[in-house]
Amino acid sequence: MILNNKVAIITGSTRGIGNAIAKRFIKEGAKVAICGSKLENAEQAITKMAQEMNFSKDQVLPIGIDLTNTESIKKMVSEVIQKWGKIDILINNAGITSTSSLLDSQDEDFYNMFEVNVFGLLKTTREVVKYMKDTGGSIINTSSMVGINGGRNQVAYASSKFAVNGITKSLAKELGQYQIRVNAVAPGVVETDMMRDSVDENLKQRLQAMTPLAKVGNPNDLVGAYLYLASDEASFTTGTIIQVDGGLVM
Ligand code: NAD
């Protein structure tokens, strides 16, 4: 098992991409903090996971966290330290999206997007690094293909993901001294609740047609990239952004 006894925090792991990563990490021996925006969502996610696979109760910790609230982030990190005593892996995966033209956007649209996708990520990372700097570790940020290519009517979301890429490279440079690796995964179109809210059937068909592998992704299609970056197999890899998008962006 490639992650035996590693302790991982995965934000946004009650559903979608984060939940797929959590399930695979648990199978690989990791202990995982399952984080959702509400504690009950995290508890429900764990109940559902227990119906699908075997794991020990000690391998999971349900956490409700509001990434827009600094105290909530601090509480989350201290709960993990209290239970397992260390953090080896942080996956900053939680995020929100929106579709709106620049002229239709309100100030709050910009602030809300950055509050979660950028400031929440930065605050979580800062809190985790306080502990991780003594042991080394791996931080993986979930970016997006629109953080590489931009997106029409997605300026708030796209700019937040460009920021995520900048954070990834800057922190790779800053935190290497502690043997902390910082990388990102940039997914293409992936079938989750988020995608269903923002991509209609017509757009989905068009995106599929433009994708060399001729399909939209499934959350499980992404897991291998996270697994590699989290594991010691990636011990000399930092500051990279791995695109997992069926070839849509190149
Ligand atoms: P999802 O909507 O299914 O899951 C998002 C998760 O983030 C949920 O667990 C939710 O509880 C959590 N979250 C949202 N706001 C939060 C907050 N304020 N505090 C704490 N948690 C919060 O989305 P998904 O598709 O699984 O997306 C996961 C990541 O992948 C996001 O960062 C998203 O931008 C990125 N992404 C998704 C796609 C796609 O096509 N699905 C493509 C590119 C990038």
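Both ligands and their constituent atoms are indexed starting at 1 by order of listing. Hydrogens, waters and symmetry mates are skipped; everything else that's a heavy atom, side chains included, is used.
The closest non-hydrogen atom to atom 14 (C) of ligand 1, taken over Ser13, Ser37, Ser72, Gly95, comes from Gly95. Remark: among candidates Ser160, Gly18, Ala94, the nearest residue to atom 21 (N) of ligand 1 is Ala94, based on non-hydrogen atoms. For atom 28 (C) of ligand 1, the candidate residues are Thr142, Asn93, Leu222; the nearest heavy-atom contact is made by Asn93. When Gly188, Ala20, Pro219 are ranked by how near their heavy atoms come to atom 42 (C) of ligand 1, first place goes to Gly188.
Among all non-hydrogen protein atoms, the one lying nearest atom 20 (C) of ligand 1 is Ile65 O, 3.0 Å. Protein heavy atom nearest atom 6 (C) of ligand 1, with residue, atom name and distance: Gly12 CA, 3.6 Å. Val116 CG1, 4.2 Å is the protein heavy atom nearest to atom 16 (C) of ligand 1. Remark: minimum distance from atom 3 (O) of ligand 1 to any protein heavy atom is reached at Arg15 NE, 3.0 Å. Protein heavy atom at the shortest distance from atom 23 (O) of ligand 1 is Met194 CB, 3.4 Å. Looking only at heavy atoms of the protein, atom 17 (C) of ligand 1 is closest to Leu67 N, 3.9 Å. Ranking the protein heavy atoms by distance from atom 25 (O) of ligand 1 puts Thr192 OG1, 2.6 Å first. Atom 15 (N) of ligand 1 has as its closest protein heavy atom Ile96 CG2, 3.7 Å.
Lys31 has no carboxylate O lying under 4.0 Å from a charged side-chain N of Asp88, or vice versa, which leaves the two without a salt bridge. Between Glu28 and Lys6, no side-chain nitrogen of the basic residue sits less than 4.0 Å from a carboxylate oxygen of the acidic one, so the salt-bridge criterion is not met. A salt bridge does not link Glu79 with Lys83: every distance from a Lys NZ or Arg NE/NH1/NH2 to an Asp or Glu carboxylate oxygen is 4.0 Å or more.
Of all atoms in ligand 1, listed by their number and element, those nearer than 4.0 Å to a heavy atom of Val189 are 40 (O). Taking every non-hydrogen atom of Asp66 and a distance limit under 4.0 Å, the qualifying atoms of ligand 1 come out as 18 (N), 19 (N). Distances below 4.0 Å separate heavy atoms of Thr14 from the following atoms of ligand 1: 9 (O). Ligand 1 places these atoms under 4.0 Å from at least one heavy atom of Tyr157: 33 (C), 34 (O), 35 (C), 36 (N), 43 (C), 44 (C).
Side-chain polar atoms of Thr142 and Tyr226 form a donor-acceptor pair below 3.5 angstrom. In the model, Asp66 has no side-chain atom that pairs as donor or acceptor with a side-chain atom of Ser72 under 3.5 Å.
Contact annotation: Ser143 has at least one heavy atom less than 4.0 Å from an atom of ligand 1.
Residue contacts with ligand 1, taken as heavy atom pairs separated by less than 4.0 Å, involve Lys161 solely via side-chain atoms from C-beta onward. For Asn41, no heavy-atom contact with ligand 1 is shorter than 4.0 Å. Residue contacts with ligand 1 for Ile17 involve both N, CA, C or O and side-chain atoms from C-beta outward (heavy atoms, distance under 4.0 Å).
Between Gly16 and ligand 1, not a single N/O pair is under 3.5 Å apart. An N or O contact shorter than 3.5 Å links Val190 to ligand 1 by distance.
Taking a 6.0 Å sphere around CG of Asn54, one finds it holds 12 or fewer heavy atoms contributed by other residues, nucleotides or ligands. In the displayed structure, Lys130 atom NZ is contacted under 6.0 Å by more than 12 heavy atoms of other residues, nucleotides or ligands.
Partner Thr168 forms a side chain to side chain donor-acceptor pair (under 3.5 Å) with one of Thr240, Asn183, Asn141, Thr238 and no other, that one being Asn141. Residue Asn92 forms a side-chain contact (heavy atoms from CB on, under 4.5 Å) with just one option from Ile140, Thr125, Ile9, Leu67, and that option is Thr125.
Note that OG of Ser170 is 10.5 Å distant from CG of Asn165, once rounded to the nearest 0.5 Å.
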Please walk me through it: do Tyr228 and Thr237 pass side chain to side chain donor-acceptor pair (under 3.5 Å)?
-> CA-CA 10 Å; Tyr228 164 67; Thr237 301; 2.9 Å; yes

Between Lys48 and Glu52, is a salt bridge (charged side-chain N to carboxylate O under 4.0 Å, His left out) present by the stated rule, with each step listed?
-> CA-CA 7 Å; Lys48 193 156 172 276; Glu52 296 168 14; 3.7 Å; yes

Step by step, work out the salt bridge (charged side-chain N to carboxylate O under 4.0 Å, His left out) result for Asp134 and Lys86.
-> CA-CA 9 Å; Asp134 295 331; Lys86 61 170 186 168; over 6 Å; no

